[in-house]
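What follows is one structure encoded as structure tokens, with my remarks underneath.
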Amino acid sequence: MHYKRTSMIIFGFIGLLIVSLSIYVGFKYLVTHNQWIGLIIGILLMIIGILVYQLGEKNQVFYQLTFLINMVGIGFSITAYYVFKAYSLTFRDFFVAIIVSIGLLILFSLLSRISLIKRHHKIFLAIFILISFILSLSLWLSSNIFTGLSFYFLNIIYFFMIGIVSTPESFKDISKEMAWISFGAFILVSIIVLIILSEGEALSGIDGFSISEGKKKKPKKRK
């Protein structure tokens with residue numbers, strides 16, 4: 001299990017680096033475009049990832065390639081949010097988000113070695129993720145200091161936590177599990193981004209409707 005924990009932490013760190021690079025490149029080239037393009041590119045990459053995954057039974061390299069493709073896709077999906085907000089992330093934003101996320105993964109890994117927690121690892125996992133999710137979301141919503149990147153990255157890391165308490169030990173099994181983790185992380189992150197973008201569009205529509213209604217209801221001046 002020690003080997004499994006170390007593998008998850010290493011893969012988690014690599015995954016976040018890939019996502020960070022994808023966000024940086026994606027924002028640079030998509031900032032002048034519609035915010036939905038990043039999400040669309042992410043979905044297309046996930047579809048490619050599904051096709052590549054099918055070849056994994058023949059060679060485990062395809063599982064690793066699936067992980068890479070999906071992580072790039074996650075980066076583009078997150079990019080959609082920052083294009084929507086027209087917010088350019090700095091190196092410090094990426095650094096803090098990665099340190100916080102990997103730090104929490106390491107903490108979970110260490111705590112999961114305690115005998116009592118081992119016997120009830122599913123309950124501990126659920127509580128740990130729930131507390132982390134609520135705290136990170138609250139900090140993001142309540143303070144302008146937080147860009148939300150740590151929140152997104154933590155939603156990726158939760159799947160690596162699930163990987164830590166699961167059973168596969170062989171490298172082939174872990175490679176396959178990494179592919180599944182990347183699919184799960186992509187779906188969760190993309191749903192969050194989609195909800196935010198949809199709400200933003202809806203609010204814009206409501207504002208536009210209110211303005212137009214206000215203009216219609218404005219009485220004409222008498223001559």
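- The distance between the ring centers of Y24 and F94 does not fall below 6.0 angstrom.
- No side-chain donor-acceptor contact under 3.5 Å links Y63 and W180.
- Considering only heavy atoms from C-beta on, F153 comes within 4.5 Å of S20 through its side chain.
- Taking a 4.5 Å side-chain heavy-atom cut-off between Ile, Leu, Val, Met, Phe, Trp and Tyr, the cluster of V100 extends to V96.
- Pairing each heavy atom of S101 with each of S150, the nearest pair is OG-O, 4.1 Å.
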I'd like to know whether E57 forms a side-chain contact (heavy atoms from CB on, under 4.5 Å) with K176, so could you lay out the CA-CA distance, the side-chain angles of the two residues, the decisive distance to 0.1 Å, and finally the verdict. CA-CA 9 Å; E57 288 298 325; K176 188 174 184 178; 3.4 Å; yes

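- Ring planes of F67 and F160: perpendicular class, angle over 60° (limits at 30 and 60°).
- Here the CD1 atom belonging to I196 is positioned 11.0 Å from the CG atom belonging to L39, to the nearest 0.5 angstrom.
- No side-chain heavy atom of I106 sits less than 4.5 Å from a side-chain heavy atom of F13.
- How far CD1 of I43 is from CH2 of W36: 9.0 Å, rounded to the nearest 0.5 Å.
- If you take CG on L116 and NE2 on H121, they are separated by 13.0 Å, rounding to the nearest 0.5 Å.
- Side-chain N or O atoms of N59 include none that pairs as donor or acceptor with a backbone N or O of G56 at under 3.5 Å.
- In this structure, the side chains of F183 and I50 come closer than 4.5 Å at one or more pairs of heavy atoms.
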Before you tell me yes or no, could you show the steps for Y158 and S132 under side-chain hydrogen bond (donor to acceptor under 3.5 Å, both in side chains), namely the whole-Å CA-CA distance, both residues' side-chain angles and the distance that decides it to 0.1 Å? CA-CA 9 Å; Y158 297 149; S132 175; 2.9 Å; yes

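- In terms of hydrophobic clustering, with Ile, Leu, Val, Met, Phe, Trp and Tyr side chains grouped at heavy-atom distances under 4.5 Å, V61 and L55 are assigned to different clusters.
- To the nearest 0.5 angstrom, L107 atom CG is 9.5 Å from S112 atom OG.
- Under a 3.5 Å cut-off, the side chain of S182 and the backbone N or O of A179 do form a donor-acceptor pair.
- The main-chain N or O of I187 is never found under 3.5 Å from a side-chain atom of S190 such that the two would form a donor-acceptor pair.
- Shortest non-hydrogen contact noted between G42 and F76 is N-CB, 4.1 Å.
- Two residues are said to be in side-chain contact when any heavy atoms from C-beta on lie closer than 4.5 Å; Y53 and N70 fail this criterion.
- When all heavy atoms are compared, the tightest approach of I37 to L30 is CG2-CD2, 3.8 Å.
- Proximity of a side-chain donor or acceptor of R5 to a complementary backbone N or O of S109 within less than 3.5 Å is detected.
- Proximity of I174 to F11: side-chain heavy atoms (C-beta onward) are separated by under 4.5 Å at one or more points.
- M46 and I195 fall within the same hydrophobic cluster, defined by Ile, Leu, Val, Met, Phe, Trp and Tyr side-chain heavy atoms under 4.5 Å apart, directly or through other members.
- Cluster annotation: I47 is connected to V72 through the hydrophobic network of ILVMFWY side chains, with a link wherever side-chain heavy atoms come within less than 4.5 Å.
- Using a 4.5 Å heavy-atom cutoff, the side chains of L16 and I157 are in contact.
- Counting heavy atoms from C-beta on, the side chains of N155 and F133 come closer than 4.5 Å.
- Using modelled atom types, one side-chain atom of T79 and one backbone atom of G75 make a donor-acceptor pair closer than 3.5 Å.
- With contacts defined as side-chain heavy-atom distances shorter than 4.5 Å, the pair L137/F151 qualifies.
- Under the 4.5 Å side-chain contact rule for hydrophobic residues, I14 and L45 share a cluster.
- Atoms CE and CZ, on M178 and F159 in that order, are 12.0 Å from each other to the nearest 0.5 Å.
- Residues L105 and M8 approach most closely at CD2-O, 3.9 Å, considering heavy atoms.
- Put simply, the residue from W140, Y81, Y82 that forms a side-chain contact (heavy atoms from CB on, under 4.5 Å) with T147 is Y82.
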Determine, step by step, whether I69 and L65 satisfy the side-chain contact (heavy atoms from CB on, under 4.5 Å) criterion, reporting the C-alpha distance in whole Å, the side-chain angles of both residues, the deciding distance to 0.1 Å, and the verdict. CA-CA 6 Å; I69 293 171; L65 184 58; 4.0 Å; yes

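- Closest heavy-atom contact between S77 and V193: O-CG1, 3.4 Å.
- Taking hydrophobic clusters as Ile, Leu, Val, Met, Phe, Trp and Tyr residues chained together by side-chain heavy-atom distances below 4.5 Å, I164 shares a cluster with L110.
- Counting all heavy atoms, side chain and backbone alike, V83 lies closest to Q35 at CG1-CA, 3.8 Å.
- Taking the six-membered ring where tryptophan is involved, the planes of F95 and F91 are essentially parallel, since the angle between them stays under 30° and well short of 60°.
- One finds the CE atom of M71 at 11.5 Å from the OG1 atom of T66 (value rounded to the nearest 0.5 Å).
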